[in-house]
*Asks:* 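Take this structure, written in structure tokens, and hold onto it; I'll ask about it next.
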Amino acid sequence: MRHEKPLWWALGLTATVLAAEAVGAWMTNSLALLSDAAHMATDTLALAIALVAVRLARRPPDARRTYGYARFEALGALANGALLFLLAGYILWEAWQRFLAPLPVASMGMLGVAVIGLACNLLAMKLLHAGAGQSLNMKGAYLEVWSDMLSSLVVILAAGIIYLTGWHWVDPVLAVLIGLWMLPRTWILVREALNVLMEGVPAGVDLQALRRDLEVHAGVAGVHDLHVWALASRTPALSVHVVVDAGTEPDVLRRALATMLAERHRISHVTLQMEAAGGDPCHGCGHP
């Protein structure tokens, strides 16, 4: 895949910034840098998941994994989210301790590390920009790096304020803001991963409109046992039993419905079971 090389570069740059901020946080005593390093850790993992997903997507299904490896993305995102909640909790607790007993911060060292992070993030954004408009996977990676760039700008601003004013309380305040900013993004990540693993209806799919489009289609007498789920975050799948009107050719109707689902609802992985109207009810249909 032509977008794989930029992903590798972006992953390397993000991991470099993560290491620099973790070491810088320890050397400068900056909780804001530590908070941003935690943010960078999640984005590094997100880029790694995107890269692994690209590579695993090439592997065909086998006898043990008939759907291939698409669910790896959701498992990685769930682990990522659990780690994020723990890190955010630690950062908020540590910030509270520093409000009670402020600690000095080496603002110039903090500034230097943040500037390095900003430069790496800008370079990673440039590398990923071309593919962001062509691939949803690349777009997600681009947005992760974009958020990293904003975090670096905020840390630079805080370092400048501390250097000019000596207000060391700015450091834990910034750490709290970054931590609170991480939590909603983390919840969204965990919720989407759980929805995939629980085989929930994918985001962006209107189940009622989809059912209506099936029921009103020419040649359809009724539908039942309709299921829509996601193999991965952006790979919806569908199965449904379709009752065919008398005089309608089932195979022609099946192809027409598959085309409609792909064009109108962006679902191309479909299983359509065609049933004759007035025939024996199917066995094992436990859903409407």
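We're numbering straight along the sequence, starting at 1.
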*Asks:* For residues Val228 and Pro202, report the shortest heavy-atom separation together with the two atoms involved.
*Replies:*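 Closest approach of Val228 to Pro202: CG1-CD, 3.7 Å.
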*Asks:* Starting from Leu164, can I reach Met108 by hopping between I/L/V/M/F/W/Y residues whose side chains sit under 4.5 Å apart?
*Replies:*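 Linked within one cluster.
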*Asks:* Taking side chain as C-beta onward, heavy atoms only, is His265 less than 4.5 Å from Met260?
*Replies:*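 Yes, close enough: below the 4.5 Å cut-off.
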*Asks:* About how many Å separate CG of Leu118 and CG of Leu123, when rounded to the nearest 0.5 Å?
*Replies:*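 Going from the CG atom of Leu123 to the CG atom of Leu118 covers 11.5 Å.
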*Asks:* Verify whether one side chain among Glu199 and His227 offers a donor that lies under 3.5 Å from an acceptor in the other.
*Replies:*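 Absent: no donor and acceptor within the cut-off.
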*Asks:* Specify the closest pair of heavy atoms between Ala256 and His217, including all atoms of both residues, with the distance to one decimal.
*Replies:*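 Closest heavy-atom pair between Ala256 and His217: CB-CE1, 3.9 Å.
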*Asks:* Can you give me the closest heavy-atom contact between His224 and Val240, atom names plus distance?
*Replies:*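 Between these two residues, the closest heavy atoms are O-CG2, 3.6 Å.
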*Asks:* Is the closest side-chain heavy-atom distance between Thr271 and Leu238 below 4.5 Å?
*Replies:*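 No, too far: nothing below the 4.5 Å cut-off.
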*Asks:* Do Leu257 and Val270 have side-chain heavy atoms sitting under 4.5 Å apart?
*Replies:*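 Leu257 does not reach Val270 side chain to side chain.
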*Asks:* Step through the shown structure and confirm whether more than 12 heavy atoms of other residues, nucleotides or ligands are within 6.0 Å of CH2 on Trp229.
*Replies:*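 Yes - once you tally the heavy atoms of other residues, nucleotides and ligands closer than 6.0 Å, there are more than 12.
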*Asks:* Please check if Ile267 and Leu214 belong to a single hydrophobic cluster, counting links between Ile, Leu, Val, Met, Phe, Trp and Tyr side chain heavy atoms closer than 4.5 Å.
*Replies:*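 Ile267 and Leu214: one cluster.
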*Asks:* Does the side chain of Arg211 come within less than 4.5 Å of Val223's, by heavy atoms?
*Replies:*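 Sidechains of Arg211 and Val223: in contact.
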*Asks:* For Ala218, is there any backbone N or O sitting under 3.5 Å from a side-chain donor or acceptor partner on Asp245?
*Replies:*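 The answer is no, because no donor-acceptor pair under 3.5 Å joins these two groups.
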*Asks:* Answer with yes or no whether the hydrophobic clustering places Leu122 together with Trp8; edges join I, L, V, M, F, W, Y residues whose side-chain heavy atoms lie under 4.5 Å apart.
*Replies:*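 Looking at the clustering, Trp8 is in the same group as Leu122.
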*Asks:* Mark yes or no for whether Thr248, through its side chain, and Val244, through its backbone, hold a donor-acceptor pair below 3.5 Å.
*Replies:*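 The answer is no, because no donor-acceptor pair under 3.5 Å joins these two groups.
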*Asks:* Would you say Val17 and Thr44 make side-chain contact, with heavy atoms under 4.5 Å?
*Replies:*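 Sidechains of Thr44 and Val17: no contact.
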*Asks:* Show the nearest heavy-atom pair for residues Leu272 and Arg254, with the distance to one decimal.
*Replies:*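 Minimum heavy-atom contact is CD1-O, 3.5 Å.
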*Asks:* How many angstroms lie between CG in Leu207 and CZ in Arg212, if you round to the nearest 0.5 Å?
*Replies:*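 Spacing of CG (Leu207) from CZ (Arg212) equals 10.5 Å.
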